[in-house]
Structure formats: C-alpha cells, structure tokens
Amino acid sequence: MPETRYTHTAIALHWLMALLLIILFSLGLYMSDLPVSPQKLKLYSWHKWAGVSAFLLVLLRLAWRIGHRPPDLPAAMPGWQKTAAQGLHHLLYLLMIAIPLSGWLMSSAKGFQTVYFGIIPLPDLLQKNKELGELLELVHSSLNFTLAGLVVAHIAAALKHHLLDRDDVLARMLPLLTRNR
C-alpha cells in the first residue's frame, strides 16, 4: 500500500526550513537598510550563519528525499497540476541552494569573509571586486524575492487543496492535521 504521508523526518525538515527561511528573509529585509554600525555587522553575521545553516539543511533534505520517495499526489489531481507541483518543488530546491551560494559569493566579492558561528572561516569563493559584489547583491536580492513569491504560491496551492479540493495534500505535511473529507 503506498504511503499517504511524508515521514516524520521529512515533515520536521520541511518546517525547520520554512522557519529558517522566514527568519532569513525577515532579517535580510530589516538589516539591509540599517546604517553601518556594530549592530548591523552583528546582524549580517547572524544572517550569514543562518544562511550557511539553511544551505546545509537543504543538502540534508535532498539526501533524505533521495532515499525516501514522497507520497503520491491524489489520483484525481489533473496532470497539469501534478507537473506544476513538481516544477514548483524543483524551483524551490534550486533557489534554496542558489540563494546561500549567491550570498557567499557576494560576501567574498565584497571582501567580507564568512565565518560560520564566528568560529569556522569559510574560504572566499571570489577575489574582492566591488562591481561584482554589487551585481551579486542584486542577484541575491532578486533570488530571495523570487523564492518569496514561489513560497506564497506553494502556500496558496496547499490551502486550495485543503479548502477547495478537500484532499489530503496539506494534511500529509502537517504533523497534527488529518484528512479533510
């Protein structure tokens, strides 16, 4: 009999990543307009630490997903919706990898080394280059806003399935929710 819910590990990784992305996006928006100060530098360090953690977490999620097939989508779901859902998930994973890498590249190009938790220095991926750093800042920001839009679409689709289609698409990823029939 096919599995109808995600594993407990997959659910925990999903919601941990969701929380981390909300924190990262909110912190990024907040700190970007602050004047240069020790507080701003501290927030940038925290943002980098969380970004590295998100990068490691998405690699863990991908490793878990490779070994654990997700539950099938409802048989009644139209083929185009299944294709759209798969495409959206692939884009979400791609962005969850590209965004921390673009941040790391940006920091390197701007001449600010990333030191994970203030202890583990990560190598600079690029030589210091002000123009490239500014371009990578735009790339990093654009990728983040793209991810935010896709997350909103992801949430809207899950709510549509739960409230309108009344299927178990949302329930299979929520720890305490049961089928909506």
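The residues of the chain are indexed from 1 along the displayed sequence.
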*Same cluster for Phe145 and Val152 if Ile/Leu/Val/Met/Phe/Trp/Tyr side chains link at under 4.5 Å?*
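Per the 4.5 Å side-chain linkage, Phe145 and Val152 are not co-clustered.
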*So if you build clusters from Ile, Leu, Val, Met, Phe, Trp, Tyr with side-chain heavy-atom gaps below 4.5 Å, do Met17 and Ile22 land together?*
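Met17 and Ile22: separate clusters.
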Any [X] side-chain heavy atom under 4.5 Å of [Y] side chain:
{"X": "Met77", "Y": "Asp72", "answer": "no"}
{"X": "Leu19", "Y": "Ile23", "answer": "yes"}
{"X": "Lys160", "Y": "Asp165", "answer": "yes"}
{"X": "Leu122", "Y": "Lys48", "answer": "no"}
{"X": "Asp167", "Y": "His161", "answer": "yes"}

Which distance, rounded to the nearest 0.5 Å, do you find between the [atom1] of [X] and the [atom2] of [Y]?
{"X": "Leu34", "Y": "Leu43", "atom1": "CG", "atom2": "CG", "answer": "6.5 Å"}
{"X": "Leu132", "Y": "Met106", "atom1": "CG", "atom2": "CE", "answer": "11.0 Å"}
{"X": "Leu95", "Y": "Leu21", "atom1": "CG", "atom2": "CG", "answer": "10.0 Å"}
{"X": "Arg61", "Y": "Ile97", "atom1": "CZ", "atom2": "CD1", "answer": "10.5 Å"}
{"X": "Asp33", "Y": "Lys40", "atom1": "CG", "atom2": "NZ", "answer": "7.5 Å"}
{"X": "Tyr44", "Y": "Phe112", "atom1": "OH", "atom2": "CZ", "answer": "9.0 Å"}

Do the side chain of [X] and the main chain of [Y] share a donor and acceptor less than 3.5 angstrom apart?
{"X": "Trp64", "Y": "Leu59", "result": "no"}
{"X": "His14", "Y": "Ala10", "result": "no"}
{"X": "His140", "Y": "Gly103", "result": "yes"}
{"X": "Ser32", "Y": "Leu29", "result": "yes"}

Should the heavy atoms of other residues, nucleotides or ligands under 6.0 Å from [atom1] of [X] be counted, would the total exceed 12?
{"X": "Lys82", "atom1": "NZ", "value": "yes"}
{"X": "Tyr93", "atom1": "OH", "value": "yes"}
{"X": "Tyr116", "atom1": "OH", "value": "yes"}

_Name of the residue among Val58, Leu91, Leu62 meeting side chain to side chain contact (heavy atoms under 4.5 Å, CB included) with Met96_ =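 With Met96 as partner, Val58, Leu91, Leu62 yield a single side chain to side chain contact (heavy atoms under 4.5 Å, CB included), made by Val58.
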*Ile120 and Val52: CA distance, side-chain angles, deciding distance, side-chain contact (heavy atoms from CB on, under 4.5 Å) verdict*: CA-CA 11 Å; Ile120 304 168; Val52 171; over 6 Å; no
*Any idea how His154 and His89 line up, ring-wise: parallel (<30°), tilted (30 to 60°), or perpendicular (>60°)?*
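Rings of His154 and His89: perpendicular, over 60°.
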